Each structure stands twice: as C-alpha cells, then as structure tokens.
Amino acid sequence: MNSKPDVAVGIIGAGFAGLVAALRLKKSGRNSFLIFERAAEIGGTWRDNVYPGCACDIASPLYSFADEPNPDWSRLYSNQPEILAYLKEVVAKRGLNRHIRFNSDIVEASFLQEQGYWQVTDRQGTTTTAGVLLLGLGPLNRPFIPDFKAFNDFRGTSFHSSQWDTTYNYKGKRVAVIGTGASAIQIVPAIAPEVAQLTVLQRTPAWITPRYYHAISSLIQKTYHRFPFLQKVVREFIYWSNEFIGLGFIGSKLVNKTISRLSLRKLRKEVKDPDVRRKLTPDYTLGCKRILRSDDYYPSFNRPHVKLVTDSIERFTERGILTADGTEHLLDAIIFATGFVAADINLYTRIMGLQGRSLVDEWQQNGAEAFMGTTISGYPNLGFLLGPNTGLGHNSVVHMMESQMNYLMLYLEYLESRGSGSFLDVKPVVQDAYNRRLQKQFKGTVWTSGCKSWYFNKEGKNTTLYPRLPSTFRKKTRSFNPAHYQLHLPSIHSSSTHPAVFTSR
Ligand code: NAP
C-alpha cells in the first residue's frame, strides 16, 4: 500500500545543518519540507552556547552560508550573539520560519517500508511522515562531565560550559575552569578580568595559533555591500589558507613544523613566566587535537590572580578541588569546559530502519559509519548532515554540510525521477569499501600520532574527522552514482538498471 507522506522532506534540527538543508531545498524550488526543532528558537549550538567569550574560531566570511554572505560582520571572528542574529536574519529573509515546527523534539524516526517513507514522532506523540528524512542533529550537544571523585561534595556552583548559568554572577568570585579546549580558551580571557581568582586546571596543553580578532571597519562593510565579489574573494582566501594548514594535518611535515614554530613563538612572546610557559607547551603533534585560535588566552596567565594548575584532580571537596599534589583549591564555582560526547555518536533520537534495525544500537556496537558521512545502509531515504567522519580540525564545517547538500540534492533528484514511494538504500559493500578506504587514509596523518581526543570512540576508532581536505570532499560530493544504491520501487522490489552518474550543474 502506497500513500503520500505529509511532506516530501523532513529535517530534524534548525541549527546550521538543518538550515543549510532548508536553504538548498528552497533554492531548488522545493517547498514541501518541514524542520522539526526541539527548542523554541533556531540556532543549535549557537543558541545553546552562551558562555562569556563564546565566538567562532573560523572566520565569519567563511563560517556562513555560501549563498548568504553577510557584509555586516562586525569582526573577523564573530561572537555567538552575532552568529545567532545572522541565522535568524537569514531564516526571516528566506521565509523559512513557516517551515519550522518549534518545540517538536523528535524522539523516534521509523522507516515505513511498505509506504517507502519515514514517520517521525515527537515527545508529545505527534506523528508526521516525510518522503526523505535529513538529520541535522549536531555532533556537539551531549555535554561530557568526567566522573570526578566526590563530585557531589562540592557546595559551590558548578555547570558545563554549554549549559552556562546566566543567572550566576561570577564577578569577584573564586572560579575554576576544568579543561583547556576550544571552549575554555574563550571563557578564561572573558571572565579573568572580573573574577577574584581564576584556577585553570589543565590536563593537556593545547596548540594555540593567532586569531587576528579584529573589528571590521564600516568602510570595509560598505565596500562589501557595494562589491559583494570582494567578500567572496576574502572568503576564498580564508578557505584556502585553512586548507594550507590542513596540508600539515594530512602529511606535510614542513607545513606542520612552520605552524608549530609560529605557535611556540606566540607562546614565548605572550606569557611572561617561564614556568607557566613550560606548562603551556604542547608535547604532541600539532593538529592531533583541534588547533585553537586565540589572541587573549595566553596573556590571561600574566594576571596575578590567574593560576595554571597541571596537577591532576584527585577529588572534589566541600570547598573546592583537591589536586594530586595535596593542594585544596578553594572555590565558589567550577566550570566544566570538558567537552562533549561526540565519537560514540549516541543520538537523542531513535532511528529505526529496515527490518526494525536501530541506528543507535548498531553504532554503539560497531562504531558509527556511513557512506560519504551522509547515507547509511539499512536506513533508506535518510541523509545525515555532519554524519560520521565529516568533521574538520581546521576549516569550516558549514562548507562540509554544503558539500553534503550538493550530494543530497542529486540523490533527491534521482529519487524523485523514480516516482513516489521509491526508496534508495546504499549498498552495504559500497559503504564498507568507503569506510575501509577512509580509515586507511588516516595513516600518516597527525591524528594517528598518538594523542587522545574526542575524535576517537571507545574502541579507538576515529569516527568524527574526514581524513582528507574539505576541498577533496567537495569534489567527491559533486556527483551521485545510483549504482551505489539499491533502488526499491513501490510494487517491484528492486531495479537493476541505473542511469549514468548524476553530476551537479
Ligand atoms: P574539548 O576540546 O573536548 O576540551 C575538553 C577539555 O577538557 C580538554 O582540555 C580536556 O583535556 C579536558 N578534560 C576532559 N576530561 C578531563 C578530566 N577528567 N580532567 C581534566 N581535564 C579534562 O571541549 P570543548 O573545549 O568544549 O570543545 C569541543 C569542540 O567544540 C571543539 O573541538 C570544537 O570543535 C567545538 N568548539 C568550537 C568553537 C569555535 O570557536 N568554533 C568553540 C568552542 C567549541 P585533554 O585534552 O587532556 O583531554
């Protein structure tokens, strides 16, 4: 029995990924799509992360939708409120609001094989059907808080960086930040001038490069308004400069050495105390963990009330944190800048595919895998934006999502040409071969140089990063080969003939 779904395309999540998808559908003239957003507002990570200093470490002319340049960025690296405002502006301008169902937390998505489409169910039990389902769930929204000993003994305030308590007044307080990753290095300089004492608990020092966090003058903004192609040139320049850094990740020792030197010179210049400098010096290959960009993190340690602690955390106490050297650090608040659970892609939504297969269960058992990080065998008519192995450590993930959408638009075109009720399932052999090749490509990259990071799952497999450059991914996603898929037609069960490869125009 074949009936029509409520919408042609369902999208879960109205963060950057979901919006990339919606904009592309709209641009192609498709209007039958609906975004399910669990919150009352769009923005994903840029709505949720409101910690002081929250900003993007990828320059804004690049960290934006390709078709929606913003000539009014006030800084080269925009802060969270400005990015969120930009997203809202694009949504309003492109009439996407009417395609969003807010407060719709999808708890389950099931593929209805008979009908050849998806059914999603939200927390209130409302069901909606969609011909194709696109997941824009976001890889970094499951806060990770380590299981510290005597965790509950601490009597002060504590919260995770991504769940910042905006009612908490940290001015004049004794605050500790645990972690020294991308979030911490933004929080530390932002709160340092106002707290009475800041204790930064570092386990591994990060590689930090210059950020050039400067304001964009009104003259430049006006120039971008008048000559939009100039902003495009800047965008390209930033993109290719980042790709240059990426060369160091995938094997160029010369590039890596050059950037490492630049970073160490910056450290020498910006931190006065030689002992603190020594503690801040990374002892692993640059890029193995995410490279950070900051102009004000290192100088924070020149402030007398900012202390860098490298002794490991023994346990929490009523009054603070006890470190392995026997010191009890007396605190009013503890901020966990300890990152996210990312590699064990444990989705909030239950995704049920063919024959009752459960994506979360399969990925928990075998590690997350997809074809091109986008389609998944056994889960037809499903596209995962920023799915497994599509993350980057040096360039804009919006570019990756847009590459995925290039591919998914060709997928969609092909699927539509086969008639309603048809569905496409990537062949297991194709997906396996892709992932075997992908894992081999990690050989010789900085990510196999021996550090520990959120890029790896429990089994030590890198399920998060793309092992090549995003420019390579862009090329690979320019065409869609139907032979990679099993086509199921409404009444017949499969088709053996495939037209030629679809290529983007
Ligand atoms: P993160 O990079 O995973 O950093 C977590 C930090 O917590 C690390 O320094 C880690 O130390 C430390 N840590 C974890 N467990 C610990 C323990 N038991 N004891 C002591 N320290 C512990 O997390 P994040 O800073 O939130 O960043 C996560 C990702 O979010 C980034 O890589 C980036 O992709 C994204 N992000 C982006 C931006 C941006 O500007 N675009 C900003 C913020 C975040 P070890 O290094 O020793 O594990």
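For ligands, and for the atoms within them, numbers begin at 1 and follow the listed sequence. Just so it is clear, the model here is predicted, and its values are computed rather than measured. Only heavy atoms go into these numbers, but all of them, side chains included; no hydrogens, no water, no symmetry mates.
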- Locate the shortest heavy-atom distance separating G43 from L87; write the atom from each residue and the value. CA-CD1, 4.0 Å
- Task: Would you name the heavy atoms of S74 and Q221 that are closest together and state the gap between them?
- Result: CA-NE2, 3.8 Å
- Which one holds for T204 and ligand 1: side chain close, backbone close, both close, or neither close, with close meaning a heavy atom under 4.0 Å? both
- Task: Give a yes or no on whether the ring-centroid distance for F442 and F456 is below 6.0 angstrom.
- Result: no
- Can R315 and D153 be counted as an ion pair, charged N to O under 4.0 angstrom? no
- Message: Please compare W46, F144, Y455, Y51 and report which has the shortest non-hydrogen distance to atom 43 (C) of ligand 1.
- Response: Y51
- Query: Touching ligand 1 at all, I58? Heavy atoms, strictly under 4.0 Å?
  - Reply: no
- Residue Q186 vicinity, atoms of ligand 1 by number, heavy atom under 4.0 Å: 40 (O), 42 (C)
- Query: Heavy-atom distance to atom 20 (C) of ligand 1: which of T45, I178, N79, I83 wins?
  - Reply: I178
- Which part of S183 is near ligand 1, with near meaning a heavy atom under 4.0 Å away: side chain, backbone, both or neither? both
- Query: Looking at atom 23 (O) of ligand 1, what's its closest protein heavy atom, distance included?
  - Reply: G339 CA, 3.0 Å
- Derivation and outcome, side-chain contact (heavy atoms from CB on, under 4.5 Å), residues E194 and Y170: CA-CA 7 Å; E194 297 187 294; Y170 52 82; 3.5 Å; yes
- The reported gap from CE in M400 to CG in N389 (rounded to nearest 0.5 angstrom) is 9.5 Å
- Task: Show which atoms of ligand 1 fall inside a sub-4.0 Å distance from at least one heavy-atom site of F340.
- Result: 26 (O), 28 (C)
- Item | salt_bridge(K27, E68) N-O dist < 4.0 Å | no
- Task: If you have a sec, work out which protein heavy atom is nearest atom 30 (O) of ligand 1 and how many Å separate them, to one decimal?
- Result: L140 CD1, 3.3 Å
- Item | Shortest non-hydrogen contact from N462 toward Y455 | OD1-O, 3.2 Å
- Query: Would you say the ring centroid of H160 lies under 6.0 angstrom from that of Y51?
  - Reply: no
- Task: Taking the six-membered ring for Trp and the full ring for Phe, Tyr or His, determine whether the centres of F65 and Y86 are under 6.0 Å apart.
- Result: yes
- Structural part of A337 in contact with ligand 1, heavy atom criterion under 4.0 angstrom: backbone
- Minimum-distance pair of heavy atoms, taken over all atoms of F249 and H394: CE2-CB, 3.5 Å
- Message: Among all the protein's non-hydrogen atoms, which is closest to atom 12 (C) of ligand 1, and how far away is it?
- Response: G179 CA, 3.6 Å
- Can a non-hydrogen atom of Y284 be found less than 4.0 Å from any atom of ligand 1? no
- Quick one: does ligand 1 sit under 4.0 Å from the side chain of S162, the backbone, both or neither, non-hydrogen atoms only? neither
- ligand 1 and S161, any nitrogen or oxygen pair closer than 3.5 angstrom? no
- Message: Looking only at protein heavy atoms, which one is nearest to atom 4 (O) of ligand 1, and what is the separation?
- Response: G181 CA, 3.6 Å
- Message: Quick check on Y77 - does any of its heavy atoms sit under 4.0 Å from an atom of ligand 1?
- Response: no
- Among R293, Q202, R203, closest by heavy atom to atom 14 (C) of ligand 1 is R203
- Item | Polar contact flag for A55 and ligand 1 (N/O pairs, less than 3.5 Å) | yes
- Note on the structure: At under 4.0 Å between heavy atoms, what of Y63 touches ligand 1? The answer is neither
- Task: Return the residue, atom name and 0.1 Å-rounded distance of the protein heavy atom closest to atom 36 (N) of ligand 1.
- Result: A182 CB, 3.8 Å
- If you compare T338, D57, T180, V177 by their heavy atoms, the one closest to atom 8 (C) of ligand 1 turns out to be T180
- Message: Taking 4.0 Å as the limit for heavy-atom contacts, which would you say applies to K289 with ligand 1: side chain only, backbone only, both, or neither?
- Response: side chain
- In the protein, which heavy atom is nearest to atom 34 (O) of ligand 1, and how far is it? R290 NH1, 3.3 Å
- Can you tell me which residue and heavy atom of the protein come closest to atom 3 (O) of ligand 1, and the distance to 0.1 Å? W454 CD1, 3.2 Å
- Sub-3.5 Å donor-acceptor pair from the side chain of T327 to the main-chain atoms of T323, do we have one? no
- Counting each atom of ligand 1 from 1 as listed, which ones have a heavy atom of P146 under 4.0 Å away? 15 (N), 16 (C), 17 (C), 18 (N)
- Task: Drop me the distance from L308's CG to L280's CG, to the nearest 0.5 angstrom.
- Result: 5.0 Å
- Item | Polar side-chain atom of E328 near backbone of T317 as donor-acceptor pair, under 3.5 Å | no
- Task: Could you check N406 against R24 for side chain to side chain donor-acceptor pair (under 3.5 Å), going step by step and ending with a plain yes or no?
- Result: CA-CA 8 Å; N406 289 346; R24 287 300 301 276; 2.6 Å; yes
